[in-house]
Amino acid sequence: MVLTLELPIRPAVIDLFASYEDRFGALPGWLDEIPPGDARYLLRQALRRGAPLVPADYLS
């Protein structure tokens, strides 16, 4: 008989702001001026594509 322990699977909580800073350096100053949901979306997008954010990313 093998004893097992079943744990609930929870998605890892990723700090997008810290991940961006680790990879690209300081956050853009204009990021504070946009809604938080939009900021998280843009950070996630930048991390996926592997390129830092530019102001034009928010306008598109």
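What's counted below: heavy atoms across the whole structure, side chains too, no hydrogens, waters or symmetry copies.
Contacts classified as side-chain hydrogen bond (donor to acceptor under 3.5 Å, both in side chains) and involving residues 29-40 (residues at least two apart or in different chains) are given here: D38-Y58.
No path of Ile, Leu, Val, Met, Phe, Trp and Tyr side chains, each step under 4.5 Å between heavy atoms, connects L31 with V54, placing them in separate hydrophobic clusters.
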N/O donor-acceptor pairs under 3.5 Å from side chains in residues 17-29, not counting sequence neighbours:
residue: S19; atom: OG; partner: D15; partner atom: O; Å: 3.0
residue: Y20; atom: OH; partner: L53; partner atom: N; Å: 2.9
residue: R23; atom: NH1; partner: L47; partner atom: O; Å: 3.1

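With sequence neighbours excluded, the residues forming a side chain to side chain contact (heavy atoms under 4.5 Å, CB included) with R48 are R44, listed by chain and number. In this structure, Y41 has no ring-ring contact (aromatic ring centres under 6.0 Å, His included) partners at least two apart in sequence or on a different chain.
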